[in-house]
Amino acid sequence: MKETWRWFGPDDPIPLEHIKQAGASGIVSALHHLYRGEPWPVDEVLKRRDEILAAGFVWSVVESIPIHNSIKLRSGPYQRYIEAWKDSLVAVAKAGVPVVCYNFMPVVDWTRTDLQWRLPTTGYALRFDAIDFAAYDLFILKRKDAEVSLSEAQLEAAHVRFTSLSETRRENLEQTIIAGLPGAEASYDRETIRDLIAEYRGMKADDLCNNLCEFLKEVVPVAQELGIRLAIHPDDPPWSLFGLPRVVSTAEDVRRIFSACDTAVNGLTFCVGSFGARADNDLLGMTREFGSRIHFAHLRQVMRESDRSFHEAAHLNGSSDMVGVIRALMEEEAGRRHVGRQDDKIPMRPDHGHLLADDIGKKMNPGYSFVGRLKGLAEIRGVMQGLRNAMPELSD
Ligand code: DNO
């Protein structure tokens, strides 16, 4: 696999020079300041590419081009925003970036309830606590119908939790949940998020999936023409939040999306951590089944706790079989080489990392500190080398 690293651009506290030291050769980046669905200007995209090239890297993946809510709702000015998305694809193609990652999560992108959860090693991890989330939804956001999907026991637990939270922790919880994590496409205040959620009232997962398929029918031919592969990112976490529909959470979801536009260009970002948060996702089976359409891999792990809570574990030591997934991805690459596919090196990045050592206390993007990702990448690299040694047919 091609070792890549997410770089948030010139404002990223981690400079390209450090990424070089980590040994990655590809960069994953986006124009993060353009998140309202507007088209990406060609000159800005080329400028980003030149910065990346000048530091001795290639720009392997765009992550992400945001999808405006009107497209997900398929209402209002959605057609204009679809055209804007296509324009951004054209700009990305001019810069020669072959893969575009995107997601179709309504309102909220990836979501956690704790950004500094102390590990036994004294480092820190990101965590999602289902009871904290319910407490926020019910008693702080006070969303209409927030209680509908919860059992009596969960309601009780959320109430007990809420009463135990200090004012500071309540504020911190709100910041963490709705203010937007790095790479997320929007940040909200309480009123805005309530209004946006209300716009989705009554929308079922089937409706959202249809809107995604309509979107794909328009953009996939454009991507095909431009030589770009699209890689949808799974929902994180892979279940409904705030009563909103989610449509990229399971193998069945992926099958449906793939069959709506049955061409390799319509592909997947295989995020082990996102899919792995559900015990009913068979990650090895999914890697094999979707292999030929996996255009990008996010290698990170979660440790599932009870009742839909999880924390981010060390890259090799969570609830999923990371070594097995890496092996399946390398087997997929070998298969691609065998049939002469040009995209026989799947870009992967060590996704997220614990906050460790010197990074603690520094200004860092949560999940995107240096040392934790460096550790993750080194562990994954070791696994890849071990597999190549043991199975020479996996060497390129
Ligand atoms: C979190 C990331 C997400 C991801 C987007 C893809 O670390 O995996 O922000 O980039 O959901 O569109």
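Scope of the values below: all heavy atoms of this structure, side chains included, with no hydrogens, waters or symmetry mates. Indexing begins at 1, ligand by ligand and atom by atom, following the structure's order. Keep in mind the model is a prediction, meaning the values are calculated, not measured.
- Using a cut-off of 4.0 Å between Lys/Arg side-chain N and Asp/Glu carboxylate O, D343 and K2 are scored as not salt-bridged.
- Each of the following atoms of ligand 1 lies closer than 4.0 Å to a heavy atom of Y368: 1 (C), 2 (C), 7 (O).
- For the residues H233, R6, M105, H352, the heavy atom positioned nearest atom 8 (O) of ligand 1 is part of H233.
- Under 3.5 Å, the side chains of Q385 and N389 contain a donor-acceptor pair of N or O atoms.
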Between D207 and R74, does the side-chain contact (heavy atoms from CB on, under 4.5 Å) criterion hold? Intermediate values first, please. CA-CA 10 Å; D207 306 321; R74 214 167 165 80; over 6 Å; no

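- Among protein heavy atoms, atom 6 (C) of ligand 1 sits closest to S64 OG, 3.0 Å.
- In this structure, the protein non-hydrogen atom closest to atom 3 (C) of ligand 1 is W110 CD1, 3.6 Å.
- Look at R327 and E331 and you find a salt bridge, because one of the NZ, NE, NH1 or NH2 atoms lies within 4.0 Å of a carboxylate O, short of that distance.
- Of the protein's heavy atoms, E63 OE2, 2.4 Å lies nearest to atom 10 (O) of ligand 1.
- Cation-pi check for R194 over F242 is not met; the charged atom does not lie both under 6.0 angstrom from the ring centroid and within 45 degrees of its normal.
- Every atom of ligand 1 is numbered from 1 in the order shown, and the set under 4.0 Å from a heavy atom of H298 is 8 (O).
- For atom 11 (O) of ligand 1, the closest non-hydrogen atom on the protein side is D109 OD1, 2.8 Å.
- Proximity of a side-chain donor or acceptor of R304 to a complementary backbone N or O of G276 within less than 3.5 Å is detected.
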